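Start at 1 and go down the list; that is how both ligands and their atoms are numbered. Computation of the quantities below employed the complete heavy-atom set of this structure, encompassing side-chain atoms and omitting hydrogens, waters and symmetry-equivalent molecules. When a residue number appears, it is its place in the shown sequence, counting from 1. Predicted model, so just to flag it, every value in this text is computed and none were measured.
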Amino acid sequence: MSDTSVLILSGGLDSTTLLYDLINQRKIVHAISFHYGQRHSKELVCARETCEKLGVNHKIVDLSGLSEILKSSLTTPDIEVPEGHYSDENMAITVVPGRNTIFLSIAAGYAASINADAVYLGNHSGDHAIYSDCRPEYIEAMRKVLQLFDNKIINLYTPYLNIDKTEILTRGLALDVDYSLTWTCYQGRNKACGKCGSCTERFEAFELNNATDPIEYEE
Ligand SMILES: [Zn+2]
């Protein structure tokens, strides 16, 4: 084992916590982020700043052309981001078709190229209902794909698969994660909207942890 890993870092709360978690476990981590035309590309600035702060090697891959072919409220400017809780049906429009399959393929290719033997993804149980490419059966299938991906085995790890955002935050607060350098809101505005499904979930997680979110929300 080389003990070198590639982490898919979105710049959001979950993958940023996972980055701190892996560093805490003394793993050598290379972070990879994707610009896929997301309206909330501010998360990439956060990802970059977190990696600079922690001295982590970081690549941002430009896949911005994807927004021309993938229909989702996160990438298509004239489809509005819905407000409300994730359990609401209208959140389905925030699915970016094929996103994790695309990201995992590229991350695994990167891992093979730098002699890393693992890819980490920070998906969690709260993603399962709406995002099919975050569910256990999908992860299990992709785990097999990545093991057959190259002449060397790339392992896929999703340590937060069965915990939710609140538990991830509990972990991160103990690890002293700088959450001011994370971006969760699906809107691409200056401050977080506080109303989209992603903001709602983040808000609840801080509340349930009796913690204060260091980022600013719109009035
Ligand atoms: Zn929001």
Show me the donor-acceptor pairs within less than 3.5 Å that the side chains of residues 136-146 make with the rest of the protein, sequence neighbours left out.
from: Tyr138; atom 1: OH; to: Thr101; atom 2: N; distance (Å): 3.0
from: Tyr138; atom 1: OH; to: Thr101; atom 2: OG1; distance (Å): 2.8
from: Glu140; atom 1: OE1; to: Arg143; atom 2: NH1; distance (Å): 2.8
from: Arg143; atom 1: NE; to: Leu156; atom 2: O; distance (Å): 3.1
from: Arg143; atom 1: NH2; to: Leu156; atom 2: O; distance (Å): 3.4

Open item on the list: Clusters formed by hydrophobic residues whose side-chain heavy atoms approach within less than 4.5 Å: which one holds Leu44, and what are its other members?
Closed with: Ile60
Open item on the list: I need the minimum non-hydrogen distance between Cys196 and Tyr186, along with the two atoms involved.
Closed with: SG-N, 3.5 Å
Task: Side chain proximity check, Asn155 to Gln147, heavy atoms < 4.5 angstrom - done: yes
TODO: Scan residues 45-54 for pairs that pass side-chain hydrogen bond (donor to acceptor under 3.5 Å, both in side chains), counting only residues two or more places apart or in two chains.
DONE: Lys53-Asp178
TODO: For the pair Phe103 and Phe34, name the ring-plane relationship: parallel under 30°, tilted 30 to 60°, perpendicular over 60°.
DONE: parallel
Open item on the list: So, with waters excluded, how many protein N/O/S atoms does the Zn ion (ligand 1) have closer than 2.8 Å?
Closed with: 4
